[in-house]
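Accompanying notes for the structure given below.
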Amino acid sequence: MRTLPSDFYARPVLEVARELIGCVVEHRPAGGGEPLTSGVIVETEAYHDSEPACHAFVGLTPRTRILFGPPGRAYVYRSYGIHALLNAVCEPEGVGAAVLIRALQPLAGIEAMRARRSPLGVAMRDEELCSGPGKLTQALGIELTENGGDLYNGPVRIRPRESAWLEPTILTGTRIGITKAVELPWRFCVADNRNVSRPRPSEK
DNA sequence: CATGGGATTGACT
DNA sequence: GTCAATCCCATGC
């Protein structure tokens, strides 16, 4: 099956953030012991080295090397010491920019997601599995080892929109959880989708 | 080498 | 509404 080529990511990060809505993220764990998990992207945020909320704002460091590298790679970093957050590196090489994948609508491997998200078997609705950037990486089993992997052939891949998602209704809002450049409307969500994280733009 | 700050989540008041 | 968990890394001495 087809994956998005690196050209797709080598464009202005705001365009890519909007167009990634409706596309499908999948993770096939190495070794094949664990099942494939996937979900439709329903929420994204854009980050660019020209604004201080972006990690790349500080310039080229060991941490930001991936952000400034070729487009179409995964940038995965540890947040608050606990969560792994998944980004797609965008813009041409030399520009530090990425799209944060913030929420998915679960598609394949839902029982595996449930097992990862609730090891003790506590009941969890489908729309609780991937409704946040830390939740979706936990559900798909994505860890820091995926940092730098390419998104068209690597263990984490992104596929184009399928027919039911060709024209999603997209709401725009301000980004969540940041303290700098809070006013930029660089968050994109599917309207009326229960998998979008809180606060939903429609509720704001 | 020491320090401080998160692109979050879940539990609890 | 508040708050702690916990680790990576940028910064500054």
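In the text below, chain A, chain B and the rest are named by the order of the sequence lines, each starting its count at 1.
With the 3.5 Å cutoff on both pairing distances, Watson-Crick and G-U pairs in DNA chain B assemble into runs of at least 3 at B:1-6 with C:7-12, B:8-12 with C:1-5.
Contact between the side-chain N/O atoms of Arg63(A) and the OP1/OP2 oxygens of dG6(B) is not found at any separation under 4.0 Å. Side-chain N/O atoms of Lys135(A) include one lying less than 4.0 angstrom from OP1 or OP2 on dG10(B). Not one side-chain nitrogen or oxygen of Arg78(A) sits closer than 4.0 Å to the OP1 or OP2 atom of dA7(B). In this structure, Thr61(A) reaches the dA10(C) phosphate: one of its side-chain N or O atoms is under 4.0 Å from OP1 or OP2.
In this structure, Arg116(A) contributes its side chain and Ala139(A) its backbone to a donor-acceptor pair below 3.5 Å. Not a single donor-acceptor pair under 3.5 Å links the side chain of Gln138(A) to the backbone N or O of Lys135(A). With hydrogens and angles ignored, the 3.5 Å screen pairs a side-chain donor or acceptor of Glu91(A) with a backbone N or O of Val13(A). A donor-acceptor distance shorter than 3.5 angstrom exists from the side chain of Arg159(A) to the backbone of Arg2(A), with no hydrogens or angles considered. Looking at Asn195(A), its side chain never comes within 3.5 Å of a backbone N or O of Gln105(A) through a donor-acceptor pair.
Applying the ring-ring contact (aromatic ring centres under 6.0 Å, His included) rule to pairs touching residues 77-131 of chain A yields His55(A)-Tyr77(A), Tyr75(A)-Tyr77(A), sequence neighbours excluded.
A cation-pi arrangement is absent between Arg11(A) and Tyr9(A), since the terminal nitrogen or guanidinium carbon is not both under 6.0 Å from the aromatic centre and inside a 45° cone about the axis.
Atom CD1 of Ile66(A) is separated from atom P of dC9(C) by 11 Å (rounded to the nearest Å). If you measure from atom OH of Tyr80(A) to atom P of dG4(B), you get 17 Å, rounded to the nearest angstrom. In this entry the distance linking NE2 of His83(A) with P of dT9(B) reads 6 Å, nearest Å. Computed from coordinates, the Tyr77(A) OH to dT6(C) P distance equals 19 Å when rounded to whole Å.
Looking at Glu93(A) and Arg73(A), no side-chain N of the basic residue comes within less than 4.0 Å of a carboxylate O on the acidic one, giving no salt bridge. Remark: Arg102(A) engages Glu45(A) in a salt bridge, criterion side-chain N to carboxylate O under 4.0 Å.
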Could I get a table of every N or O pair under 3.5 Å where one atom is in the protein and the other is in nucleotides 11-13 of chain B?
none

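The nearest heavy atom of DNA chain C to Leu144(A) and to Ile82(A) marks one nucleotide each, and the one closer to the 5' end goes with Ile82(A). Annotation: of the two residues near DNA chain B, Met124(A) and Lys180(A), the 5′-most nearest-nucleotide partner is Lys180(A).
For the pair Tyr47(A) and dA7(B), the ring geometry qualifies as stacking, because the centroid separation is below 5.5 Å while the planes lie within an angle under 30°.
Residue-level contact check: Ile178(A) touches the backbone only, with heavy atoms under 4.0 Å from sugar-phosphate atoms and none from bases.
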